[in-house]
Amino acid sequence: MTKLYIPERHPTHIPRSHLLEKLNEGLHRKFSLVSAPAGFGKTSLVSEWVKEVGRPVAWLSLDEGDDDPTRFLTYFIAAIQTINSNIGKGLLAVLQSPQMPPIPSILTTLLNEIATMPENFVLVLDDYHVIDSSQVDTILNFLLDHIPPQMHMVITSREDPQLPIARLRARGQLTELRAADLRFTTDEATEFLSQTMGLKLSRDA
């Protein structure tokens, strides 16, 4: 299922060690947000980082169809099952039931199961800006409010999700990378233009 695969590194990839270091520094927090317009390399950066982070990684690439809460949770669980196939087994059947219990009950069960996992891990929600559902936003808020210590969540998005960003920031629970952080430094721009684009430019140019 391609939604659950970590994207491959682009052949013209430019290493961005200072940004990887900032993401590493944020691993002790609940949540990392990589928010910037299209073309800033959000997915490339995070896919590079998770391949070197030294923890199991669950990856979910979102699309417009994931606005549906049941579908969102189904894929969310499927992503975690790429690390531990026992997590959420019973919940997947419950999500297809016509007599589905309340969402908070499902989330509590899921979080309790995640809390039994022996290893720290990272879960990435890529392209969250495609989600236009207050129900999914509510699910995400619940997950972040009760996130087990084993789990670090990363969201990439073209705009800030409907989350209590200011509160998370004030509590020291959030790492942020934004457009200003993702812009190339002079050295990175030089490397991109000379090596990737093959342009014979001086550093000043």
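FYI, the numbering just counts along the sequence from 1. Small disclaimer: the values here were computed from a predicted structure and weren't measured. Worth knowing before you read on, the calculation uses all heavy atoms, side chains too, and leaves out hydrogens, waters and symmetry mates.
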All pairs passing side-chain hydrogen bond (donor to acceptor under 3.5 Å, both in side chains) where residues 91-100 contributes a residue, at least two apart: none
Kindly write out the residues that satisfy side-chain contact (heavy atoms from CB on, under 4.5 Å) with E52, not counting sequence neighbours, or none if the list is empty. R9, L20, E48
To the nearest 0.5 Å, how far apart are CD1 in I6 and CH2 in W49? 10.5 Å
Just grab all the side-chain hydrogen bond (donor to acceptor under 3.5 Å, both in side chains) pairs involving residues 107-122, residues at least two apart or on different chains. none
Flag if over 12 foreign heavy atoms under 6.0 Å of CD, Q162: no
Run Y128 and D137 through side chain to side chain donor-acceptor pair (under 3.5 Å) and show every step you take. CA-CA 10 Å; Y128 193 82; D137 289 337; 2.8 Å; yes
Taking Y5 as the starting point, is it possible to reach I83 by hopping between hydrophobic residues whose side chains are less than 4.5 Å apart? no
Can a donor-acceptor pair be found, under 3.5 Å and without considering hydrogens, that links the side chain of T175 to the backbone of S32? no
Closest contact, heavy atoms only, D66 versus F72: O-CB, 3.5 Å
Of L60, L123, N86, which is the lone residue that meets side chain to side chain contact (heavy atoms under 4.5 Å, CB included) with I80? L123
Salt bridge check: are D160 and R178 linked by an N-O gap of less than 4.0 Å? yes
Would you name the heavy atoms of S44 and S47 that are closest together and state the gap between them? O-OG, 3.0 Å
Main-chain N/O of E176 paired to K22 side chain as donor or acceptor, under 3.5 Å: yes
Dump the intermediate steps for side chain to side chain donor-acceptor pair (under 3.5 Å) on S61 and W59, then the final yes or no. CA-CA 7 Å; S61 296; W59 186 285; 3.0 Å; yes
When rounded to the nearest 0.5 angstrom, what is the spacing between CE in M117 and CE in M151? 9.0 Å
Is D127 salt-bridged to K42, cutoff N-O under 4.0 Å? no
Name of the residue among L125, D126, L45 meeting side chain to side chain contact (heavy atoms under 4.5 Å, CB included) with T156: D126
Rounded to the nearest 0.5 Å, how far apart are CG of L143 and OG1 of T138? 11.0 Å
